[in-house]
Amino acid sequence: MASKAEGKRASVASMTSLGKRDSLEKPLQPSIRGKASLGKVSFSNQPSWSLTGLLAAQRMTKNLKEKRALKGLKKTEIVEPQPPSFASRPTEKIQVTAMKQVLESYLPERLGTITYNPASAPSLVKEVSEEVKGRVKRVLPPRYKALCVVTLGERGQEDIKVVSRCLWDSHSDSYVAHVYENSSLFCVVAVYAVYCE
């Protein structure tokens, strides 16, 4: 048993001594064209190509191209775009001409025979405002809110200007204004239609 153990040790010793001898006899060669050699192993920065590797890569890319082409051939249904119920854009636009016609037909009918009375003017303004708002709501698309502002005054020698400013979305919101005058009063009605999100 002692001889086997010694034999193993001798073989390890001989291997290390052989490695030392080889390294002494063969000096390391300088690296040529980016290759660094370490004994029998060499490393290279340049790729090495083989014909079988190129053919395998070509087959793999062909299969990938076929799979991508099959994915593109899936049936796609074209559906008309429908905005969700929480959309910030209305499905239909306001009919401004219909709102204008409501004002043009209602104001002469309601205020044609009335004379200006300062005591009854506040209640008259409220009535006109509510009636105009009710009629305009019938013309408005769903999800729109109507705001009606009525200015009523005595017709005299003086001039009056009614001005308003609003901050809103010009795509969905709009307004209509109409002025009615008879011999004793003037009435300016402005209806603002605002899309409620």
Side-chain angles (χ1 to χ4, degrees), residues 57 59-197:
R59 269 187 259 127
M60 288 172 47
T61 55
K62 182 180 177 184
N63 291 340
L64 288 174
K65 289 177 185 175
E66 289 173 359
K67 287 179 184 176
R68 285 186 185 161
L70 289 175
K71 283 184 181 177
L73 293 178
K74 289 182 181 176
K75 284 188 176 182
T76 55
E77 295 180 20
I78 298 174
V79 180
E80 287 202 27
Q82 296 178 353
S85 61
F86 55 85
S88 62
R89 297 286 180 176
T91 55
E92 54 185 296
K93 299 271 286 187
I94 299 173
Q95 299 293 330
V96 178
T97 54
M99 290 171 53
K100 184 84 169 168
Q101 288 173 355
V102 167
L103 294 179
E104 288 173 353
S105 65
Y106 172 74
L107 290 177
E109 174 188 312
R110 179 72 169 93
L111 302 175
T113 57
I114 295 179
T115 57
Y116 181 77
N117 181 3
S120 64
S123 62
L124 180 63
V125 167
K126 288 180 185 177
E127 289 173 12
V128 169
S129 177
E130 289 298 321
E131 290 174 6
V132 166
K133 189 166 65 170
R135 290 185 180 208
V136 167
K137 278 188 177 181
R138 294 182 207 145
V139 181
L140 287 178
R143 297 183 67 187
Y144 272 92
K145 300 290 181 188
L147 173 71
C148 184
V149 178
V150 177
T151 306
L152 186 73
E154 184 178 12
R155 186 169 180 194
Q157 298 298 321
E158 60 276 340
D159 292 337
I160 186 169
K161 286 187 179 181
V162 178
V163 180
S164 65
R165 294 179 93 176
C166 298
L167 178 63
W168 62 23
D169 183 10
S170 60
H171 174 76
S172 58
D173 305 334
S174 188
Y175 81 100
V176 174
H178 184 66
V179 178
Y180 175 75
E181 293 178 330
N182 68 12
S183 58
S184 67
L185 61 85
F186 69 90
C187 182
V188 179
V189 178
V191 179
Y192 304 93
V194 180
Y195 184 69
C196 188
E197 294 181 9

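Remember, predicted model here, so these are calculated numbers, not experimental data.
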Discussion item. Going by ring-ring contact (aromatic ring centres under 6.0 Å, His included), name the residues that satisfy it together with Phe186, two or more places apart in sequence or in a different chain.
Written reply: none

What pair of heavy atoms forms the shortest contact from [X] to [Y], and how long is it?
X	Y	result
Tyr175	Val96	O-CG1, 4.3 Å
Ile114	Leu185	O-CD2, 3.7 Å
Ser184	Thr115	OG-CA, 3.1 Å

Worksheet entry | For Lys145, side chain to side chain contact (heavy atoms under 4.5 Å, CB included) partners two or more places apart | Cys196

Worksheet item: Who passes side chain to side chain contact (heavy atoms under 4.5 Å, CB included) against Glu158, sequence neighbours left out?
Response: none

Which side-chain N or O atoms in residues 147-156 pair as donor and acceptor under 3.5 Å with protein atoms at least two apart or in another chain?
{"unit_1": "Arg155", "atom_1": "NH1", "unit_2": "Asn182", "atom_2": "O", "d": "3.0"}

Worksheet entry | Sequence neighbours excluded - ring-ring contact (aromatic ring centres under 6.0 Å, His included) pairs with any residue from residues 111-167 | Tyr144-Tyr195

Practice prompt. For the pair Val132 and Val102, evaluate side chain to side chain contact (heavy atoms under 4.5 Å, CB included) and give the outcome as yes or no after the intermediate values.
Written response: CA-CA 8 Å; Val132 166; Val102 167; 5.6 Å; no

Practice prompt. Given side chain to side chain contact (heavy atoms under 4.5 Å, CB included), test Leu124 with Leu111 step by step and report yes or no.
Written response: CA-CA 10 Å; Leu124 180 63; Leu111 302 175; 4.1 Å; yes

Item to complete: Only pairs at least two apart or in different chains count here, so list each side-chain hydrogen bond (donor to acceptor under 3.5 Å, both in side chains) that has a residue in residues 94-103.
Response: none

Item to complete: Drop me the distance from Met99's CE to Ser174's OG, to the nearest 0.5 angstrom.
Response: 6.5 Å

Worksheet entry | Exam field: side chain Lys133 to backbone Val191, donor-acceptor pair closer than 3.5 Å | no

Response to the item:
Residues at least two apart in sequence or cross-chain that pass salt bridge (Lys or Arg N to Asp or Glu O under 4.0 Å) with Glu109, listed by chain then number, are Arg135

Worksheet item: Excluding sequence neighbours, so at least two apart, what forms salt bridge (Lys or Arg N to Asp or Glu O under 4.0 Å) with Glu127?
Response: Arg110

Practice prompt. Sequence neighbours left out, what passes side chain to side chain donor-acceptor pair (under 3.5 Å) with Asp169? Give chain and number order.
Written response: Arg89, Ser172

Discussion item. List the residues meeting side chain to side chain donor-acceptor pair (under 3.5 Å) with Tyr192, not counting sequence neighbours, and say none if there are none.
Written reply: Ser164

